[in-house]
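Input: a single structure, listed below in structure tokens.
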Amino acid sequence: MPVAIEPKATEILSPIRHRAEVISSRRVATDTWWLEIDSPEIAGRAEWGQFVMIGFGLEHLAPPFLPRPFSVAWRAEDGRIGLLVRAFGVGSRRLAELRAGEHVLLLGPLGRPFRLEPGSRVVCVAGGVGLAPFLFLAGDARRQGFDVDLLYGELTADKVFDTRLIEELTGGPPIVWTEDGSLGRRGRVTEGLRVEGPVTVLACGPTPMLRALAGRAAREGFDLQVSVEEHMGCGVGTCQGCVVQGADGRWRKACTEGPVFYASELTWSPS
Amino acid sequence: MVPELRQSLFGVEFQAPVLLASGTCGYGREYAGLIPLDELGGLVTKAVSVEPRSGNPPHRVAETPGGMINAIGLENVGLDAFASEKLPWLRENLARAHVFVNVVGRTVEEYAAVVSGLDGEEGFLGYEINVSCPNVKGGTMFGTDEAALAELVGRLRSETERPVIVKLTPNVPDIGIYARICEENGADGLSTINTFPGMLIDIHLRKPVIGNVSGGISGPAILPMGVYLTWRAATACSLPVIGIGGIRSGEDALQYILAGAHLVQVGTASFVDPAAAATVQEGISSYLAGAGIGSLSELVGGLRLPEHGQH
Ligand SMILES: Cc1cc2nc3c(=O)[nH]c(=O)nc-3n(C[C@H](O)[C@H](O)[C@H](O)COP(=O)(O)OP(=O)(O)OC[C@H]3O[C@@H](n4cnc5c(N)ncnc54)[C@H](O)[C@@H]3O)c2cc1C
Ligand SMILES: Cc1cc2nc3c(=O)[nH]c(=O)nc-3n(C[C@H](O)[C@H](O)[C@H](O)COP(=O)(O)O)c2cc1C
Ligand code: FES
């Protein structure tokens, strides 16, 4: 039985708010950009699976007016953080257009991180930009001696994030799946999950993928931690805007009680 | 010369005119360490009801042009947990900023139970009564039903000697009528305004974006309506008014002050930048300093109206 991640949000160090400069931005797949931002404050503290709220501040009325949540995908010794941005809505498109020298308003690091059980193998299951938190986690965990598999699924090859860069960041090649078979193995990334022996399964991606994995975790009895997505207002627990349904039916805040939950803590109703 | 921001109101001194709005600052503690809460004028808690409320299904928030829509559904911990878990933190950590407890209910009795249940506790100054709640009896909102509002305010007046501020809804044809009802029934002040009803549709899914279908609109988009309704309320009665709606700068706040507000609240802007309330406060101060105005109170209600024209 997994130990529930206690919602002790207020005991976490307070997040930091600061104006930060974009160092670089480059396109790494048809609709995906890799942003590096100068943020020693957040780089020094971010844990696996935590996120930042990124926005443009109060003078900026054009959309995105509200900040948007993005996973800390990478943190460097020199104080840079990396974000993986998939452009689809108005806010993420604007973030994808950011260029070196522009400034953003950052708030973070936020949320409850992934936990690794010592001695167990780690399997990361990433759907689309759900890859982001694992770029940071897989490399760190490997350096700490964990045996890590990174399963990474996309619809088609053109959406797959630069695999050489993944290898460079995580210290090993990802196992790539595409639904049309245009790169790597053909099918859904969840088909690639084999659970043998002590294993910690971590997942981040679209809700249907998380739901499918949660079903398997319940049937096969393995520990699964998922990082969930919900619209956010504040990112720090004040607005109650970001709720997901807990296993007991109660609403849980994705920003402070999550975004990482044990799958068994949540309700997985079909939608 | 540093301009004077202090004002005496509701029997106490407010060190500054900016408060955090209900529903946008949790129970205060969520912002501890992130912003200097005790430097502000104060804060208004998330709504408190007699029993805990679980709130609406997601999505509960989304961006709208120049603002946002929300339908949280008044999720809150309820009276008992508020008193035992949330109030102690406010009591122990805020020395100068004043706290108002935002109160909701479905019946007059429910509102009265929250007020009488909290009245003996320490750690807050008074109540902000959220009347944008459906009234179980009539189905209308307390804030849009003159008789229900009069009964509610009168009853709460008899329950407490603490300041009772009524937070009006903009959803009425003439807010001045409701302002006067509050005054006649013993309220100490008004907060204007709560959110405007609105809706956002995802055209691809052909579904409302918000789980509750409709929600309340807030943020800069509502600033001019808030200023107008604050002016109408402030000129319709003699109660002190707290101006709310779309404030994100000192200049925005000063519009409310000139319209007649003594204090202002900052809501949605804190989501964009947690430092928003402090920025607004500094903005007011630097405007006063630049304009050579010694004290903020000189500007309250200082609007210069044209002699002709329909107001
Ligand atoms: C904790 C967390 C970490 C995230 N990390 C990443 C990341 O590393 N990389 C990345 O590309 N994306 C990430 N996201 C998703 C990202 O926040 C959304 O893509 C973004 O907010 C969408 O904003 P938009 O303005 O582009 O879309 P909008 O134009 O606002 O909306 C487009 C569509 O997206 C939906 N939507 C809006 N906001 C969200 C949201 N927060 N989550 C899910 N759907 C949403 C809307 O309902 C709409 O259907 C993360 C989300 C969360 C909650
Ligand atoms: C997420 C959210 C939750 C809110 N919850 C409450 C509430 O519980 N009680 C209340 O009286 N007003 C509530 N409000 C309304 C605000 O206090 C404020 O009146 C309104 O948002 C307008 O101000 P703004 O434009 O500065 O946000 C809420 C607003 C938002 C955005
Ligand atoms: S985003 Fe505001 S409570 Fe989670």
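Chain identifiers are assigned alphabetically (A, B, ...) following the order of the sequence lines, protein sequences preceding nucleic acid strands; residue numbering begins at 1 within each chain.
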Between [X] and chain B, with a heavy-atom cut-off of 4.5 Å, which part of the residue counts as in contact: side chain, backbone, both or neither?
| X | result |
| --- | --- |
| A:Gln240 | both |
| A:Leu66 | both |
| A:Arg68 | side chain |
| A:Gln245 | neither |

Separation between [atom1] of [X] and [atom2] of [Y], rounded to the nearest 0.5 Å:
| X | Y | atom1 | atom2 | result |
| --- | --- | --- | --- | --- |
| A:Ile16 | B:Leu34 | CD1 | CG | 9.5 Å |
| B:Thr268 | A:Leu58 | OG1 | CG | 11.0 Å |
| B:Arg248 | A:Leu61 | CZ | CG | 3.5 Å |

Sorted by first residue and then second, give each side chain to side chain donor-acceptor pair (under 3.5 Å) pair with at least one member in [range]; sequence neighbours left out.
| range | answer |
| --- | --- |
| residues 66-77 of chain B | B:Ser49-B:Asn76, B:Arg60-B:Glu75 |
| residues 272-287 of chain B | A:Arg17-B:Asp273 |
| residues 95-110 of chain A | A:Ser25-A:Arg99, A:Arg94-A:Glu102 |

Within residues 231-238 of chain A, the residues sitting under 4.5 Å from chain B by heavy atom, in sequence order, are A:His231, A:Met232, A:Gly233, A:Cys234, A:Val236, A:Gly237, A:Thr238
B:Glu63 side chain reached by A:Pro63 side chain, heavy atoms, under 4.5 Å: yes
Between B:Ala32 and A:Ser14, what is the shortest heavy-atom contact and its length? O-OG, 3.5 Å
Show the nearest heavy-atom pair for residues A:Trp251 and B:Gly55, with the distance to one decimal. NE1-O, 3.5 Å
Quick one: of [options], who has the most non-hydrogen atom pairs under 4.5 Å with chain A?
| options | result |
| --- | --- |
| B:Gly67, B:Ser270, B:Gly219, B:Ser249 | B:Gly67 |
| B:Ala221, B:Gly267, B:Gly23 | B:Gly23 |
| B:Gly211, B:Pro65, B:Pro57 | B:Pro57 |

Answer yes or no: does atom CZ of B:Arg91 have more than 12 heavy-atom neighbours from other residues, nucleotides or ligands under 6.0 Å? yes
The interface call for B:Thr24 against chain A, heavy-atom contacts under 4.5 Å, is backbone
